[in-house]
Amino acid sequence: MPASYTYLGPEGTFTEVALRTLPETATRELVPMVSVPAALDAVRNGEAEAAFVPIENSVEGGITTTLDELVSGEPLMIYREVLLSITFALLVRPGTTLSGIKTVTAHPAAQPQVRNWLKAHLPNAVWESAASNADGARLVQEGRYDAAFAGEFAAARYGLQALETGIHDAENAQTRFVLVGRPARPAAPSGADKTSIVLWQRDDHPGGLRDLLGEFAARGVNLMLLQSRPTGAGIGNYCFCIDAEGHISDRRVAEALMGLKRICLQVRFLGSYPRAGGGPEDVRSPLPGTSDDEFMSAADWVARCQDGRF
Ligand SMILES: O=C(O)C(=O)Cc1ccccc1
C-alpha cells in the first residue's frame with residue numbers, strides 16, 4: 001500500500017488543488033477527510049504519513065481550527081507550505097437562476113472573501129457554513145442549499161453549474177496550506193525558510209508581548225505571522241502563533257528560540273520549512289551582527305574571556 005496523505009475533503013476542495021502541486025503526490029494515496037481535525041488525527045494515530053490543510057488566508061488571517069489543532073494535542077510538525085490564489089464560482093443545480101437563490105453555503109473562511117459580492121448580488125440570501133467549499137457543493141447537489149461558493153473545478157464533480165465565476169472581494173486573495181506530519185528532523189535549510197512556533201507567556205505583565213517580540217527583534221529575525229489564540233483558561237488568556245523568517249539551524253533563529261524558551265511558560269516548535277514562492281532574493285537582509293559567523297565568533301570571544309585568553 002502506498003503511503004497516504006490525508007487532506008480536507010471531499011474531492012474538489014481548493015486544498016486538493018493545492019496538494020496536487022506537490023510533486024510527491026504522484027506516489028502517494030490522497031485520502032479526503034471530513035474535517036481538518038480528522039485529517040490531522042489520521043497522522044497522529046499513524047494511519048497517514050501526512051495531512052494537508054489550510055492554515056491562513058490573506059483576507060482574514062489564520063484558519064482557527066487548524067491553528068488550534070496544532071497548538072494543542074499530540075505535537076505535529078509542518079514540513080511544506082503551498083500558496084494558492086483563490087477566486088470563487090457560485091455553483092448551482094442546472095436551471096437555478098440568481099433570483100431563485102435563498103440559501104448559500106461554503107467554508108467559513110470563504111465568507112469574508114465574498115461578503116461584498118453577496119451584499120451586492122444576493123443581499124437576502126441566508127448563509128450556512130459547510131465543512132469545506134467542496135462539501136458545500138455536495139450539499140447543493142443533494143438539494144440542501146441553493147448555491148455554494150467553491151472552486152469552478154468542483155462544478156463537474158458535483159453535477160453543478162457555475163452561475164458566476166471569478167468572485168473575489170479582494171484582489172490577489174491567497175490561501176496558505178501546510179503539509180503536517182509527525183515530529184522528525186526538519187529538512188536542511190533551503191536558503192528561504194520559515195519557522196513556526198507557539199508561545200505561552202509565563203505570567204501577565206505590562207509589556208509581556210513586547211518582551212516576547214523583543215527576542216526576535218534583538219536577533220534581527222523578521223516575523224511573518226502573529227496570531228493570538230485563546231488558551232481556553234478564561235478571558236484574557238492567549239497563546240501566540242508566530243511564523244518567523246529563517247530556519248532553526250540559522251544561529252539568529254536558534255538564539256531567539258533559546259531566549260523565548262528561557263522567558264516563556266512553554267514553547268512549541270512547529271517546524272522549519274521552505275517558504276512557498278520564496279527564493280534567497282526574497283529574504284530580508286539580516287541586520288548587521290546577526291549572521292551565523294558573527295554569532296559564532298561572539299560565542300568564541302566569550303569562551304576566550306572565560307578562559308582568560310582574550
Ligand atoms: O479547500 C477548501 O476548499 C476549503 O474549504 C478551505 C478553504 C476555504 C476558503 C478558501 C480556500 C480554502
Trainee: Nearest 0.5 Å, please: how far is OG1 in T6 from CG in D41?
Mentor: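 Spacing of CG (D41) from OG1 (T6) equals 9.5 Å.
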Trainee: Is a side-chain donor or acceptor of Q227 paired with a backbone partner of G62 at a separation under 3.5 angstrom?
Mentor: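 Flag set: sc Q227 to bb G62 pair under 3.5 Å.
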Trainee: Given 3.5 Å as the limit, does a donor-acceptor pair link the side chain of S228 with the main chain of C239, or not?
Mentor: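 No; zero donor-acceptor contacts below 3.5 Å.
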Trainee: Output, in order, the C-alpha distance, side-chain angles, deciding distance and verdict of side chain to side chain contact (heavy atoms under 4.5 Å, CB included) for I55 and L70.
Mentor: CA-CA 10 Å; I55 191 167; L70 295 179; 3.8 Å; yes
Trainee: Can you find a side-chain donor-acceptor pair between D211 and H205 that sits under 3.5 Å?
Mentor: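 Note: D211 and H205 side chains meet the donor-acceptor criterion.
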Trainee: How many angstroms lie between SG in C264 and NZ in K261, if you round to the nearest 0.5 Å?
Mentor: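 Rounded to the nearest 0.5 Å, the SG-NZ separation comes out at 8.5 Å.
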Trainee: Looking at A137 and L160, what are the two nearest heavy atoms and their distance?
Mentor: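 It is O-CD1, 3.4 Å.
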Trainee: Examine L223 and I263 and state if one hydrophobic cluster contains both, with Ile, Leu, Val, Met, Phe, Trp and Tyr joined whenever side-chain heavy atoms are less than 4.5 Å apart.
Mentor: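 Result: yes, single cluster for both.
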Trainee: Just do the side chain to side chain contact (heavy atoms under 4.5 Å, CB included) check on F52 and T15 with the steps written out, would you?
Mentor: CA-CA 7 Å; F52 194 73; T15 309; 3.6 Å; yes
Trainee: Linking I/L/V/M/F/W/Y whenever any side-chain heavy atoms sit under 4.5 Å apart, do L83 and I86 land together?
Mentor: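 They do not share one cluster, since no chain of ILVMFWY contacts under 4.5 Å joins L83 to I86.
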Trainee: Ignoring hydrogens and angles, state whether a donor on the side chain of S196 or Y273 is under 3.5 Å from an acceptor on the partner side chain.
Mentor: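 A donor-acceptor contact under 3.5 Å links the two side chains.
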Trainee: Is there a side-chain contact between I197 and L260 in this structure, where contact means two heavy atoms from C-beta onward sitting under 4.5 Å apart?
Mentor: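 When only atoms from C-beta onward are counted, L260 and I197 do touch, with a gap below 4.5 Å.
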Trainee: Taking the side chain as everything from C-beta on, heavy atoms only, tell me whether T165 gets closer than 4.5 Å to T87.
Mentor: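 T165 does not reach T87 side chain to side chain.
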Trainee: If you measure from CZ on R262 to CZ on R202, what distance do you get to the nearest 0.5 Å?
Mentor: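 It comes to 10.0 Å.
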Trainee: Flag the pair L76 / R44 as yes when at least one side-chain heavy-atom distance between them is below 4.5 Å, and no otherwise.
Mentor: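 Counting from C-beta outward, L76 and R44 do come under 4.5 Å.
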Trainee: In terms of the angle between their ring planes, are F149 and W117 parallel, tilted or perpendicular, with boundaries placed at 30° and 60°?
Mentor: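 It falls in the perpendicular class, over 60°.
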Trainee: Are W127 and L90 connected, step by step, through hydrophobic side chains (Ile, Leu, Val, Met, Phe, Trp, Tyr) whose heavy atoms are closer than 4.5 Å?
Mentor: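 Result: yes, single cluster for both.
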Trainee: Main chain of H247, side chain of D250: is a donor-acceptor contact present, judged purely on distance under 3.5 Å?
Mentor: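 Side chain of D250 to backbone of H247: a pair is present.
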Trainee: Flag the pair D307 and R304 as a salt bridge only when some basic side-chain nitrogen lies within less than 4.0 angstrom of an acidic carboxylate oxygen.
Mentor: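 A salt bridge is absent here (no side-chain N lies under 4.0 Å from a carboxylate O).
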Trainee: Are D146 and R93 close enough for a salt bridge, meaning some N to O gap below 4.0 Å?
Mentor: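 R93 and D146: salt-bridged.
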Trainee: Given side chains that start at C-beta, do those of Y238 and R229 come closer than 4.5 Å, heavy atoms only?
Mentor: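 No - every pair of side-chain heavy atoms lies 4.5 Å or more apart.
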Trainee: Could you please spell out the steps behind the side chain to side chain contact (heavy atoms under 4.5 Å, CB included) verdict for R219 and V253?
Mentor: CA-CA 7 Å; R219 280 95 182 182; V253 174; over 6 Å; no
Trainee: Look at R210 together with E215 and state whether they make a salt bridge at an N to O cut-off of under 4.0 Å.
Mentor: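 No salt bridge links R210 with E215.
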Trainee: Do F88 and F14 make the cut of ring centroids closer than 6.0 angstrom?
Mentor: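 Judged by ring-centre distance (under 6.0 Å), F88 and F14 do meet the cut-off.
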Trainee: With a 4.5 Å limit on heavy-atom distance, are the side chains of L8 and F177 in contact?
Mentor: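 They are not in contact (no side-chain heavy atoms under 4.5 Å apart), so the answer is no.
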Trainee: Could you check whether any side-chain heavy atom of M77 comes within less than 4.5 Å of a side-chain heavy atom of F269, counting everything from C-beta outward?
Mentor: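 The answer is yes, as the side chains (C-beta and beyond) meet within the 4.5 Å cut-off.
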Trainee: Starting from the C-alpha separation in whole Å, work towards a yes-or-no answer on salt bridge (charged side-chain N to carboxylate O under 4.0 Å, His left out) for E24 and R28.
Mentor: CA-CA 7 Å; E24 70 264 32; R28 300 290 192 285; 5.8 Å; no
Trainee: Treating T195 as the side-chain partner and G246 as the backbone partner, does any N or O pair qualify as donor plus acceptor under 3.5 Å?
Mentor: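 Indeed, once roles are kept as given, a pair shorter than 3.5 Å links the two residues.
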Trainee: Determine whether V126 and V104 make a side-chain contact, defined as any pair of heavy atoms from C-beta on separated by less than 4.5 Å.
Mentor: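 Not touching, per the 4.5 Å side-chain cut-off.
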Trainee: Might you point out which heavy atoms bring R252 and D292 nearest each other, and give the distance in Å?
Mentor: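 Closest pair (atom of R252, atom of D292, distance): N-OD1, 4.3 Å.
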Trainee: Counting N and O atoms only, with roles assigned by atom type, does the side chain of Q141 sit under 3.5 Å from a partner on the main chain of Y158, one being a donor and the other an acceptor?
Mentor: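 Yes, Q141 side chain to Y158 backbone: donor-acceptor pair under 3.5 Å.
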Trainee: Would you compute the distance between atom NE2 of H168 and atom CG of N116 and round it to the nearest 0.5 angstrom?
Mentor: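 It is 11.5 Å, given to the nearest 0.5 Å.
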Trainee: Taking all non-hydrogen atoms of both residues into account, name the closest pair between V43 and A50 and its distance.
Mentor: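 For V43 versus A50, the nearest heavy atoms are CG2-C, 3.4 Å.
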Trainee: For N172 and S58, which heavy atoms make the closest approach, and how far apart are they?
Mentor: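 Closest approach of N172 to S58, heavy atoms only: O-OG, 4.0 Å.
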Trainee: Using side-chain heavy atoms (C-beta onward) and a distance below 4.5 Å, is Q161 in contact with T96?
Mentor: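 Side chain of Q161 against side chain of T96, heavy atoms only: no contact under 4.5 Å found.
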Trainee: Is a salt bridge present between R275 and E81, judged by a nitrogen-to-oxygen distance below 4.0 Å?
Mentor: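 Salt bridge absent between R275 and E81.
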Trainee: Just by modelled atom types, is the G191 backbone N or O under 3.5 Å from a matching donor or acceptor in the D193 side chain?
Mentor: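 Yes; judged by distance alone, with no hydrogens or angles, the pair exists.
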Trainee: Is the backbone N or O of V59 less than 3.5 Å from a side-chain atom of N57, with the two atoms forming a donor-acceptor pair by type?
Mentor: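 Confirmed, N57 side chain pairs with V59 backbone.
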Trainee: May I ask you to say whether E142 pairs ionically with R138, meaning some side-chain N is under 4.0 Å from a carboxylate O?
Mentor: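 Here E142 pairs with R138 in a salt bridge, since their nearest N and O are under 4.0 Å apart.
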Trainee: Could you report the tightest heavy-atom contact between D169 and V114, atom names first, then the distance?
Mentor: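 Scanning both residues completely, I find the closest heavy atoms to be OD2-C, 3.2 Å.
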Trainee: Please check: side-chain N/O of S35 versus main-chain N/O of A38, any donor-acceptor pairing under 3.5 Å?
Mentor: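 Present.
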Trainee: At what distance, to the nearest 0.5 angstrom, does CD of E164 lie from CG of L122?
Mentor: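 So the gap between those two atoms works out to 9.5 Å.
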Trainee: Among T175, V178, L84, which one satisfies side chain to side chain contact (heavy atoms under 4.5 Å, CB included) with P54?
Mentor: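 Running side chain to side chain contact (heavy atoms under 4.5 Å, CB included) over T175, V178, L84 with P54 returns exactly one hit, T175.
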Trainee: Mark yes or no for whether Y145, through its side chain, and K102, through its backbone, hold a donor-acceptor pair below 3.5 Å.
Mentor: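 It does not hold such a pair.
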Trainee: Report the C-alpha distance between E16 and T13 in whole Å, list the side-chain angles of each, state the deciding distance to 0.1 Å, and finish with yes or no for side-chain hydrogen bond (donor to acceptor under 3.5 Å, both in side chains).
Mentor: CA-CA 5 Å; E16 182 188 356; T13 53; 5.0 Å; no
Trainee: Could you tell me whether the side chain of Y79 and the main chain of A184 form a donor-acceptor pair under 3.5 Å?
Mentor: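 Looks like yes, one N/O pair under 3.5 Å.
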Trainee: Show the numbers, then the answer: is there a side chain to side chain contact (heavy atoms under 4.5 Å, CB included) between V92 and I101?
Mentor: CA-CA 9 Å; V92 296; I101 297 175; 3.8 Å; yes
Trainee: Same hydrophobic cluster for V31 and V34, using side-chain heavy-atom links shorter than 4.5 Å among ILVMFWY?
Mentor: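 No, because V31 and V34 fall into different hydrophobic clusters, even though each may have its own neighbours under 4.5 Å.
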Trainee: Would you mind checking if R157 and E11 are paired as a salt bridge, meaning a charged N to carboxylate O distance below 4.0 Å?
Mentor: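 Counted as a salt bridge, because a side-chain N and a carboxylate O are separated by less than 4.0 Å.
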Trainee: Let me check something: do F153 and L139 share a hydrophobic cluster, defined by ILVMFWY side-chain heavy atoms less than 4.5 Å apart, either directly or through other members?
Mentor: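 Cluster IDs for F153 and L139 differ.
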Trainee: Does atom CD of Q111 have more than 12 heavy-atom neighbours, drawn from other residues, nucleotides or ligands, at distances under 6.0 Å?
Mentor: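 Above 12, so yes.
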Trainee: For L19 and T25, work out which heavy atoms get closest and say how close.
Mentor: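 Minimum heavy-atom separation between L19 and T25: O-CG2, 3.2 Å.
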Trainee: Supply the atom-to-atom distance W200 CH2 to T231 OG1, rounded to the nearest 0.5 angstrom.
Mentor: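 Reported value, rounded in 0.5 Å steps: 9.5 Å.
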